[in-house]
Student: 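Quick one: the structure is below, questions incoming.
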Amino acid sequence: MRRKIVAGNWKMNGSKDLSEKLVGSIRSEAGTLDKGVEVVIIPPAIYIGDVLVQAENALSVGVQNVGRWQSGAYTGEISAGMARDAGCRYVLVGHSERRQIFGETDELVAEKVSLVVSSGLTAIVCVGETLEERESGQAEAVVAAQVRAGLASVPAGKWHDIVVAYEPVWAIGTGKTATSDDAQAMHAAVRKVLKDMGAPSESISLLYGGSVKADNAAALFSEPDIDGGLIGGASLVAKEFMCICRSFPVGAEN
Ligand code: PGA
């Protein structure tokens, strides 16, 4: 009933050469994955054309960020409409690096989500607490508030274009992962918030992100409310990434 998704966020890594070799090798094995698993490659925007050529429609492609406008005198920005025009299907919105390094607020996330879904793309909206917030018992409240605010302007008919990625900030790029029990508890809480917002919560895919690797993906993906992963470092190594893509429980495909 829900899409199983593994999305590889390259961040500001990669090259033309990597775009060809890595994506070529992932694509050549994509046909061997369970039918219901969608693989999304999210490279730096400048390599999207190269990645699309290699992906050959067997993989989806996304962009890591878009501006808050559709066009105009905004040097250096790209828009959701351009991402769609270039062949992308997904846009990451509100990644913790965007929030922390570039000062993106929940309000800006909401604006971008609205532009993304009105451009016909799917937004992967990232939420997650810091270590301090977790240690002070605030994790669930913080994440719930990010979900409510970031998704505040999704039009009723556009919820099928929303994916939420729960990424505890302390787990990103650190080698520390939430236990599958903790991750499941947060995913169930996010699903409840979505339900309370009037969204079709049972059909929205929720991804876990933060140091997902080949050796912890199966435990995470076997949890009932975890529908896949948003993968950073491990998405740059074909073998590791493919192993993660194969980590869904048997029979999980829809
Ligand atoms: P990581 O990054 O897998 O390297 O921890 C995840 C992310 O930032 O999306």
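Owing to the predicted nature of the structure, the values given are computational and were not obtained by experimental measurement. Computation of the quantities below employed the complete heavy-atom set of this structure, encompassing side-chain atoms and omitting hydrogens, waters and symmetry-equivalent molecules. Counting starts at 1 for both ligands and their atoms, in listed order.
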Student: Determine, for K112 against E107, whether the closest basic-nitrogen to carboxylate-oxygen distance falls under 4.0 angstrom.
Tutor: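 Salt bridge: no.
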Student: Which atoms of ligand 1 sit under 4.0 Å from any heavy atom of I172?
Tutor: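 Selected atoms, number and element: 2 (O), 5 (O), 8 (O).
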Student: At a 4.0 Å threshold, what atoms of ligand 1 neighbour a non-hydrogen atom of G210?
Tutor: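 Atoms satisfying the 4.0 Å criterion: 5 (O).
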Student: Can you list the atoms of ligand 1 that are under 4.0 Å from a heavy atom of A171?
Tutor: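 Counting atoms of ligand 1 from 1, those under 4.0 Å from A171 are 5 (O).
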Student: With a 4.0 Å cut-off on heavy atoms, does A234 reach ligand 1?
Tutor: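 So A234 does not count as touching ligand 1.
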Student: Side chains of E29 and T32: do they bring a donor and an acceptor to under 3.5 Å?
Tutor: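 Their side chains do not contain a donor-acceptor pair, so the 3.5 Å distance test is not met.
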Student: Could you list which atoms of ligand 1 come closer than 4.0 Å to a heavy atom of G173?
Tutor: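 In order of numbering, the contacting atoms are 1 (P), 4 (O), 5 (O).
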Student: May I ask you to list the atoms of ligand 1 that are less than 4.0 angstrom from any heavy atom of H95?
Tutor: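 So the atoms of ligand 1 that pass are 7 (C), 8 (O), 9 (O).
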Student: Go through ligand 1 atom by atom and flag the ones less than 4.0 Å from a non-hydrogen atom of K11.
Tutor: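 In order of numbering, the contacting atoms are 2 (O), 7 (C), 8 (O).
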Student: Give the atom numbers and elements of ligand 1 that come within less than 4.0 Å of a heavy atom of N9.
Tutor: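 Within the 4.0 Å cut-off of N9, ligand 1 contributes 9 (O).
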Student: What atoms in ligand 1 come closer than 4.0 Å to a heavy atom of G233?
Tutor: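 That gives atoms 1 (P), 3 (O), 4 (O) of ligand 1.
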Student: Would you say S235 and E240 are linked by a side-chain donor-acceptor pair, where the criterion is simply a distance under 3.5 Å?
Tutor: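 The answer is no; no qualifying pair exists.
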Student: Give yes or no for whether the N/O distance cutoff of 3.5 Å, strictly under, is met between E167 and ligand 1.
Tutor: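 There is such a contact, yes.
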